[in-house]
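So you know, we letter chains A, B, ... as the sequences are listed, proteins then strands, and number each from 1.
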Amino acid sequence: MTNSQIAELFGQVTDLLEFQGANPFRVRAYRNATRKIHDLPEPITAIVQDESRQLTDIDGIGKDLAEKITELVNTGRLSMLDELLTEIPESVLALLRIPGLGPKKAAALYRELGIETLDQVREACLAHRVRELKGFAAKTEETILAGLDLAAQADKRIYWSKADAIVERLLALLRDCPGVARLEVAGSYRRGKETVGDLDFLADSDDASAIMDRLAEFEETDTIIARGDTKMSVRLVGGLQIDLRVVPAKSFGAALQYFTGSKDHNVTLRGMAKSRGLKINEWGVFRVDGDCEEYLAGHEEADVYAALDLPCFPPELREARQEFDWASSGELPELVQLSDLCGDLHMHTNATDGKATLEQMADAAIARGLSYIAITDHSKRVTMARGLDADRLRRQWEEIDRLNERLDDLLVLKGIEVDILERGGLDLPDDVLCDADWIVASVHYGQNQPGEQITQRILDAIENPNVSAIAHPTGRLINRRKPYAVDLEAVMVAARKHGKLLELNANPARLDLDDVACSAAKRHEIPIVISTDAHSIDGLDVMRFGVLQARRGGLTKADVANTRPWPEMQAMIG
DNA sequence: GCCGTTTTCGGCCCGACTGTTTTCAGTCG
């Protein structure tokens, strides 16, 4: 079982406990453990099976949870979950996705009215049976009805890149609003998460109503969910929620810290503050003395952290994973930046399914300040893309030779994205591949094969001496396609052994490897290549999305191979 | 259910807003 699968089951347990009205701190302990398992950069099964190691060494995993994890790993079942499901049908968990309906109200619907599904909720609301319940009334019924459609798509978080486009438009609208001194976007957007569930805008303004009016007038604003003195929430036409907070200058840094999160990062931070007799909230850092509260800091975000002798963590690291440990040991990594990258080693031309010519791609790379690129068109198995056979590939390489003679500032490498065939083996013979400068191998067909089979195909590719890197190693498409059942840990062990690199595909729909896998690769000391997989000139601009993901994985410039000049990279791949 | 410079019990981050209430519970972030 993978960490994700195990985390999924503990997540169900957590939701069911919450639905049952269990002790909120117990619920939190389960939610915390769920996340820890998901974020662990090594397989938790390996820890269970290693007698010299203890699950309880993981922060947030105690004796009880360790036993449950062990049971799950050893038997494939979790008796606690089975028992919970005899008490509560799994379908009621969908009720929790209705905005405005939390565990208490959802449980009341189930207990009092026997409601188990979203359809039954709709029926009960339309029949006005919900408003009869204690704690409910007409308004709540309306809210639930309005939220039902959203519940159906509630797990649809949008790509960071899409959120970024909306952010640009909203910043342009709100920035020059009268009274606004500072304006920032916080939340998971600022932390660079691959998907974003809502957007949190933060303004330092002496005229809150002016900026709130402006948000209300945004052409894409559909409904106003709430509006108070300092806080406003709206929903855009596409369903995305925008939260706006207005704070005074002396609280701006504290609010930025607060609303950037993550929630778990903040819980840890506030716990640390409390143990020092301090209190941190969105209004500032305060010294608490009896009933007296003395304002200490809050103007700048860094001041908030400094009050606890902490560095101002890059937002991408604020996930309560390793950042506090790094800070206390003075090992906070200096994260890779877009400007560190000097090459792009995965892109296509119109020889296959790209839109631009070889020369246009080269010009575009020069315009973006790159010093080398690899042309990696598809191999022949990818018939839909008119993949290259040996003859066409060699002709492209001759064209690249001629191009390189004319270019001063860019080296174009002769490459190929060679398919890893369904039955195993590569799509082009070794006597062709051995003449390439750079080869990425990837799976496009047979993606649904059992884990053992697809893993073996990739391991065989890694053992081929001509292969430089594995492209998009799990094949997932965010919100659209699950990752292959590949054993990523085995792939990393093999990549390390054979000196191969792994790709972080910067396409905003892929971003594969993800942040947790990046940090696993770092643990294995495998250099990552961040590549655009560009199919057009504009496709070269996605590199920044890949860099964000790498930063979330804690990668430094040294951890990313294509921050090096090509001769050094070439030495790395032998 | 976890945790320990408050150490095996008694805490566990904190505030805004809404709706249903007449002082607060629930939800959200």
Next on the checklist: Treating A:Arg551 as the side-chain partner and A:Val336 as the backbone partner, does any N or O pair qualify as donor plus acceptor under 3.5 Å?
Outcome noted: yes

Item to check | Nearest-neighbour nucleotide for the A:Asp243 side chain, B:dG29, B:dC17, B:dG15 considered | outcome: B:dG29

Checklist entry - Between atom CD in A:Glu18 and atom P in B:dC28, what is the gap in whole Å? => result 9 Å

Checklist entry - In whole angstroms, how far is the P atom of B:dG15 from the NZ atom of A:Lys263? => result 14 Å

Checklist entry - With a 4.0 Å cut-off on heavy atoms, is A:Thr143 in touch with a base, just the backbone sugar-phosphate, or nothing at all? => result nothing

Checklist entry - So, is A:Lys231 close to the B:dT18 phosphate, meaning a side-chain N or O under 4.0 Å from OP1 or OP2? => result no

Item to check | Check ion pair A:Asp164-A:Arg544 (N to O, under 4.0 angstrom) | outcome: yes

Checklist entry - Tell me: CZ of A:Arg26 to P of B:dG1, nearest whole Å? => result 4 Å

Next on the checklist: Which is more 5' along DNA chain B, the nucleotide nearest A:Gly102 or the one nearest A:Val267? Just name the residue.
Outcome noted: A:Val267

Next on the checklist: Looking only at the side chain of A:Ala29 (C-beta and beyond, no hydrogens), which of the listed nucleotides B:dG1, B:dA16, B:dC13 gets closest?
Outcome noted: B:dG1

Next on the checklist: What's the gap between B:dG15 and B:dT8 when it is taken at their C1' atoms, as a whole Å value?
Outcome noted: 33 Å

Item to check | Value in whole Å for how far the P atom of B:dG29 lies from CD of A:Gln257 | outcome: 18 Å

Next on the checklist: With rounding to the closest Å, how many angstrom separate the P atoms on B:dC14 and B:dT6?
Outcome noted: 16 Å

Item to check | Residue-phosphate contact under 4.0 Å: A:Asn266 side-chain N/O, B:dC13 OP1/OP2 | outcome: no

Next on the checklist: Regarding A:Arg31 and A:Asp15, does a basic nitrogen lie under 4.0 Å from an acidic carboxylate oxygen?
Outcome noted: yes

Item to check | Phosphate contact (B:dG15 OP1 or OP2) by A:Lys279 side-chain N/O below 4.0 Å | outcome: yes

Item to check | Under-4.0 Å salt bridge between A:Arg318 and A:Glu301 | outcome: yes

Next on the checklist: Taking the C1' atom in each of B:dT20 and B:dT27, what is the distance between them to the nearest angstrom?
Outcome noted: 14 Å

Next on the checklist: By nearest atom, which of the nucleotides B:dG29, B:dG15, B:dG1 is closest to the A:Asp200 side chain?
Outcome noted: B:dG29

Checklist entry - Quick one: is A:Arg245 getting a side-chain N or O under 4.0 Å of the B:dG15 phosphate, OP1 or OP2? => result no

Next on the checklist: Please report the distance, rounded to the nearest Å, between OH in A:Tyr258 and P in B:dC14.
Outcome noted: 10 Å

Checklist entry - Side chain of A:Asn281: nearest nucleotide among B:dC12, B:dT6, B:dC14? => result B:dC14

Next on the checklist: The side chain of A:Phe25 is closest to which nucleotide in this list: B:dC12, B:dT20, B:dC2?
Outcome noted: B:dC12

Checklist entry - Looking across every strand, which nucleic acid part, if any, lies under 4.0 Å from A:Tyr30 by heavy atom: base, sugar-phosphate, or nothing? => result sugar-phosphate

Next on the checklist: Can you see if the side chain of A:Trp283 gets near the phosphate of B:dC14 - specifically, an N or O under 4.0 Å from OP1 or OP2?
Outcome noted: no

Next on the checklist: For B:dC12 and A:Lys274 - does any side-chain N or O of the residue sit under 4.0 Å from the phosphate oxygens OP1/OP2?
Outcome noted: yes

Checklist entry - Atom NZ of A:Lys104 and atom P of B:dA25: how far apart are they, to the nearest Å? => result 10 Å

Next on the checklist: I'd like to know if the side chain of A:Arg270 reaches the main chain of A:Ile280, judged simply by a donor and an acceptor atom lying under 3.5 Å from each other, with no hydrogens or angles considered.
Outcome noted: yes

Item to check | Residues A:Asp309, A:Arg276: salt bridge by 4.0 Å N-O rule | outcome: yes

Checklist entry - Using 4.0 Å as the upper bound for N to carboxylate O, is an ion pair formed by A:Arg53 and A:Glu42? => result yes

Item to check | Atom-pair distance (CG on A:Asn23; C1' on B:dG10), nearest Å | outcome: 12 Å

Checklist outcome for this item: Between CE of A:Met272 and P of B:dG4 the distance, given in whole Å, is 13 Å

Checklist entry - From B:dC17, B:dC14, B:dC2, pick the nucleotide closest to the side chain of A:Thr230? => result B:dC17

Item to check | Given DNA chain B, 5'-ward residue of the pair A:Thr268 and A:Ile61, judged by closest heavy atom | outcome: A:Ile61

Checklist entry - Within the structure shown, what part of the strands sits under 4.0 Å from A:Pro24 by heavy-atom distance: base, sugar-phosphate, or nothing? => result nothing

Checklist entry - Whom does B:dT8 pair with, Watson-Crick or G-U wobble, provided both distances fall under 3.5 Å? => result none

Next on the checklist: Applying a 4.0 Å non-hydrogen cut-off, can you work out what A:Leu269 is touching in the nucleic acid: base, sugar-phosphate, or nothing?
Outcome noted: nothing

Next on the checklist: OP1 or OP2 of B:dG29 versus the side-chain N and O atoms of A:Ser233: is any pair under 4.0 Å?
Outcome noted: no

Next on the checklist: For the P atoms, the ones on B:dC2 and on B:dC13, what distance do you get once it is rounded to whole angstrom?
Outcome noted: 16 Å

Next on the checklist: Say we look at B:dG26 and B:dT21: how far apart would their C1' atoms be, to the nearest angstrom?
Outcome noted: 12 Å

